[in-house]
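Shown next, in structure tokens, is the structure this report addresses.
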Amino acid sequence: MGVNLNILKRYRKNGNQDRVAATKAKPLLKPLVKRYYVELLLILALALVITFMFPRGKSFQYADLREGQVYLDEQVIATFTFPVLKSPEEYESDKKNARESVVPVFVINPDLKANELNELSDFANRIKVNLKGKMTTIANIKAHYIEAGIVISDDDVNLLLNAFESTANTGKSKDTGPRVAKFEKVTRKVMALLEELYTAGILDRSKESFPTYVNKIRVRRNDGIEEEELLQYYLDSAEAAAMLLEMLREDDDFDEKEVKIAYAIGEHFITPNVLIDEVETKARIEQVEENVPLAKDQVLDGERIIDSHEVVTKSHIEKLNSYAVAKAERVEMEGFWRKLPPSLGKFFLVLSILTILAIYLFSDRRSIFNDRKKLLLIGLNILLVAILTFISNRFQASVYNSAYFIPVSALSLIITIFFDTRVGLFVTLTAALLIGALRGNEYAITFTSLFVGAIAVQTVRKVRTRIWIIRSGLIISAAYIFTILVNGLVTYADFSDTWRNWWIGILNGFLSPGIAYLLIIILESMFDLTTDMTLLELSDFNHPLLRQLHLEAPGTYHHCYLVGMLAEAATEALGGNALLARVGSYYHDIGKLEKPEYFVENQTKGRNPQEKLTPTMSSLILANHVRRGAEIAREYGLPKEIEAFIYQHHGTSLMAYFYQKALEQGNDDSLSEDEFRYPGPRPQTRETAIVMMADAIEAASRTLKDPTPSRIKGLVEQIIDERFKSGELDESPLTLQDLSKISNAFQKILIARFHGRIEYPKSSHREAIKSVRAS
């Protein structure tokens with residue numbers, strides 16, 4: 001009881017000193033600005049940059065009005081004449097109608113017809129020359145077909161050689177006139193039919209590729225005259241080939257064998273001669289789109305737009321929004337001084353939102369606020385969301401204009417993984433408010449972003465496996481589905497819009513964890529920070545350092561593992577980063593790799609090299625394992641957070657055994673305790689302080705001869721009390737209540753480790769062995 005009272009007195013004394021120091025240190029505004037001028041400049045710069053992302057020439061004065069509600073403000077009278085703008089949907093619909101009104105422009109190219117017919121004539125002449133030869137072979141004829149790019153079989157060449165007769169004489173008849181005459185008949189017919197097809201016009205586009213609303217085309221001939229004609233009067237390539245085959249079959253002078261040869265030749269020389277003029281067609285489409293008016297009506301100066309307590313209609317909303325836009329555009333045109341007040345308003349709006357986050361970090365997460373690197377990380381992520389919102393705003397009347405494309409949940413995941421859930425929630429709140437402001441006071445999306453972000457934060461409270469990406473994607477998608485449905489029901493949205501937004505939300509939900517994962521990898525390297533994902537990799541016992549520790553210092557390896565169990569349980573009880581405590585425990589003694597045999601847990605057969613050394617030299621070896629451990633950590637690229645465990649797991653505690661041994665050797669006068677203290681520093685965080693106590697308790701528990709629960713409890717409390725009294729915990733944020741929870745957690749683990757076993761009688765033991773062997 002006396003020990004507890006001493007602890008309480010010390011704690012109260014420290015608390016009183018802290019309160020006195022806090023009272024004396026109440027900073028005035030000037031010292032505060034001087035201390036945090038970089039942080040304040042960062043916040044101001046971020047606010048300024050985001051201010052420039054607000055849509056220009058727009059006003060959101062009446063953005064919160066909804067059709068069907070009662071207008072309760074004063075009546076609105078137009079102070080100048082202005083146009084009533086079409087809604088983005090109406091404007092896009094009019095542009096679509098204008099585009100569809102443009103008839104595609106085609107040009108007839110007479111050279112193509114002449115070229116193709118000339119090539120057909122040349123091909124026919126070459127074949128006729130060969131057919132006139134008495135010794136012509138299949139290979140001779142086929143070579144000309146291949147050269148022209150026409151496919152023909154050996155059977156069809158035989159038909160040509162035999163004047164389309166079935167009897168095969170290999171083309172060696174003395175009278176070649178019939179076959180030449182037959183071939184001339186075929187080529188003349190093909191030439192005549194191709195002449196007809198080219199005269200009718202062959203399009204260079206399949207008719208199926210035309211939109212359904214196109215039933216006419218404008219055709220410009222060689223003389224420059226342009227006429228509008230029905231599309232059905234022209235043929236595409238497929239129709240021209242079908243028409244050729246049909247006309248050949250309708251000729252009574254042609255049998256099926258001649259039709260086959262003629263079609264193979266004619267189909268090859270069908271080339272479109274009516275070509276679309278894409279440049280002219282596109283220019284005409286752009287011209288009609290530019291001529292589509294933005295306005296659909298006009299409100300005159302002095303005209304009443306809406307009266308107080310009037311039911312808001314769609315027409316009211318359109319007129320009020322157009323009035324607000326007209327006023328904003330007037331301000332934009334009236335110079336810098338007229339634009340300054342609205343710009344200042346936007347700047348202070350953004351600054352107010354960022355101030356909410358800054359106040360929270362300053363009051364509750366001072367370590368983050370004081371770390372400019374971490375503050376910059378948060379600022380960059382918020383800026384990224386603002387930029388994505390700005391880009392989304394650029395897609396007017398497009399599906400990409402949907403705010404549901406903005407991956408705010410990726411921000412929530414990143415910040416939570418880097419820091420904790422509270423910081424993640426406050427940053428999500430900040431981002432959600434900024435999105436609503438940048439979207440023109442569209443605070444329905446603020447609600448969605450905040451809800452989805454808050455859900456995302458909960459999915460990564462503890463990252464222990466890589467599967468968090470899939471789990472988060474599923475849960476975030478479900479959150480989007482819920483909030484989009486709620487927004488749709490509240491705003492009476494069409495189900496088609498809700499359905500479309502669902503797909504966008506689901507896509508966002510599944511992509512956000514992947515985006516977050518990639519950005520975390522980049523940001524970890526940029527800002528030299530450590531996340532749970534990195535800690536998971538380091539917790540793998542196949543890590544080269546842990547494998548080396550296992551092989552070269554097995555006792556230390558086992559000790560580190562047990563310390564990890566103790567530290568994880570105690571940190572879990574406090575709500576700290578249990579994974580960090582466990583991984584830090586695994587690596588806290590890696591400095592013992594240099595001289596493992598000098599540490600008792602690695603010694604075998606009672607051999608202790610320390611017995612041959614002076615106490616001073618022994619203390620130097622023990623202290624050196626801290627320094628050497630930090631060097632090894634840097635060599636292997638371990639994070640600074642892990643390096644802190646190596647430096648702080650002994651703090652500045654006294655090596656009592658060697659100090660006492662030195663005293664016994666009679667060195668009282670020249671001996672200083674500082675020579676027998678670890679280099680420190682003392683633990684700065686809850687996790688490092690817990691590992692310090694777990695390290696001492698695990699080592700001391702090995703000396704218990706009869707580890708009963710009461711003895712374990714006494715040992716744990718004794719070591720915690722000793723660390724507290726010696727001041728080793730003064731620089732850590734642990735409280736007395738925390739120490740009590742830590743003590744209970746340690747006792748549970750140790751009692752479970754040293755639990756008693758039932759001693760079986762020898763006969764029963766032999767029977768048990770027999771039964772095992774029998775099975």
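Keep in mind that what you see is a predicted model, and the values were worked out from it rather than measured.
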Side-chain contact, heavy-atom cut-off 4.5 Å: [X] with [Y]?
X	Y	result
Y598	L613	yes
I642	Y636	no
L545	L593	yes
E39	L361	no
P609	K595	no
N602	E597	no
Q458	I475	no
F724	L734	no

Should the pair H625 and H649 be assigned to parallel (<30°), tilted (30 to 60°) or perpendicular (>60°) ring geometry?
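Geometry flag for H649 against H625: perpendicular rings.
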H558 side chain to E601 side chain, donor-acceptor N/O pair below 3.5 angstrom:
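Distance-only check fails for H558 and E601.
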Hey, are T614 and T616 close enough side-chain-wise for a donor-acceptor pair under 3.5 Å?
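There is no such pair between these side chains.
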For [Y], does its backbone N or O pair with a side-chain atom of [X] as donor and acceptor, under 3.5 Å?
X	Y	value
D589	T556	no
S743	S740	no
R677	T652	yes
Y587	L638	no
R682	G727	yes
E524	T531	yes
Q684	S732	no
D738	T735	yes
S472	I469	no

Measuring from [X]:[atom1] to [Y]:[atom2], what's the distance to the nearest 0.5 Å?
X	Y	atom1	atom2	answer
R627	Y678	CZ	OH	11.5 Å
E568	Y586	CD	OH	6.5 Å
L375	I43	CG	CD1	6.0 Å
F658	S618	CZ	OG	4.0 Å
L413	I515	CG	CD1	10.0 Å
T430	L425	OG1	CG	10.5 Å

[atom1] of [X]: more than 12 outside heavy atoms within 6.0 angstrom?
X	atom1	result
Y657	OH	no
R471	CZ	yes
K640	NZ	no
I470	CD1	no
Q737	CD	no
I467	CD1	no
R634	CZ	yes

What residue among V691, L566, I690 forms side chain to side chain contact (heavy atoms under 4.5 Å, CB included) with T571?
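The side chain to side chain contact (heavy atoms under 4.5 Å, CB included) with T571 is passed solely by I690 among V691, L566, I690.
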Please find the pair of heavy atoms, one from [X] and one from [Y], that lie closest to each other, and give the distance.
X	Y	result
K374	L529	CE-CD2, 4.0 Å
A633	E643	CB-CG, 4.5 Å
L384	L519	CD2-CD1, 3.9 Å
V583	L535	CG2-O, 3.5 Å
S512	S409	OG-OG, 3.0 Å
F746	A567	CE2-N, 4.4 Å

Would you sort out whether I697 and I720 count as a side-chain contact (heavy atoms from CB on, under 4.5 Å), showing the intermediate values?
CA-CA 9 Å; I697 289 169; I720 292 176; 4.2 Å; yes
Flag the pair H550 / H543 as yes when their ring centroid distance falls below 6.0 Å, and as no otherwise.
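Ring centroids of H550 and H543 are no less than 6.0 Å from each other.
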Hey, would you say the F362 and F369 ring centroids sit under 6.0 Å apart?
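Centroid separation for F362 and F369: below 6.0 Å.
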Applying side-chain hydrogen bond (donor to acceptor under 3.5 Å, both in side chains), name anything that partners T685, two or more places apart in sequence or on another chain.
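In terms of side-chain hydrogen bond (donor to acceptor under 3.5 Å, both in side chains), with neighbours along the sequence ignored, T685 is linked to T688.
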side-chain contact (heavy atoms from CB on, under 4.5 Å), that's the test. Do L579 and R582 meet it? Break it down for me.
CA-CA 5 Å; L579 179 61; R582 175 161 61 87; 3.2 Å; yes
Run the numbers on V427 and N381 for side-chain contact (heavy atoms from CB on, under 4.5 Å), then give the verdict.
CA-CA 9 Å; V427 174; N381 279 277; 5.9 Å; no
E641: which of T530, N577, T534 passes side-chain hydrogen bond (donor to acceptor under 3.5 Å, both in side chains)
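That would be T530.
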Taking 4.0 angstrom as the limit, do E635 and R628 come out as a salt bridge?
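So E635 pairs with R628 through a salt bridge.
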Evaluate the criterion side-chain contact (heavy atoms from CB on, under 4.5 Å) for residue pair V423 and Y360; output intermediate values, then yes/no.
CA-CA 9 Å; V423 177; Y360 166 72; 4.2 Å; yes
Stepwise ring pair (Phe, Tyr, Trp, His ring centres under 6.0 Å) test for H588 and H650:
CA-CA 10 Å; H588 79 281; H650 283 299; 7.6 Å; no
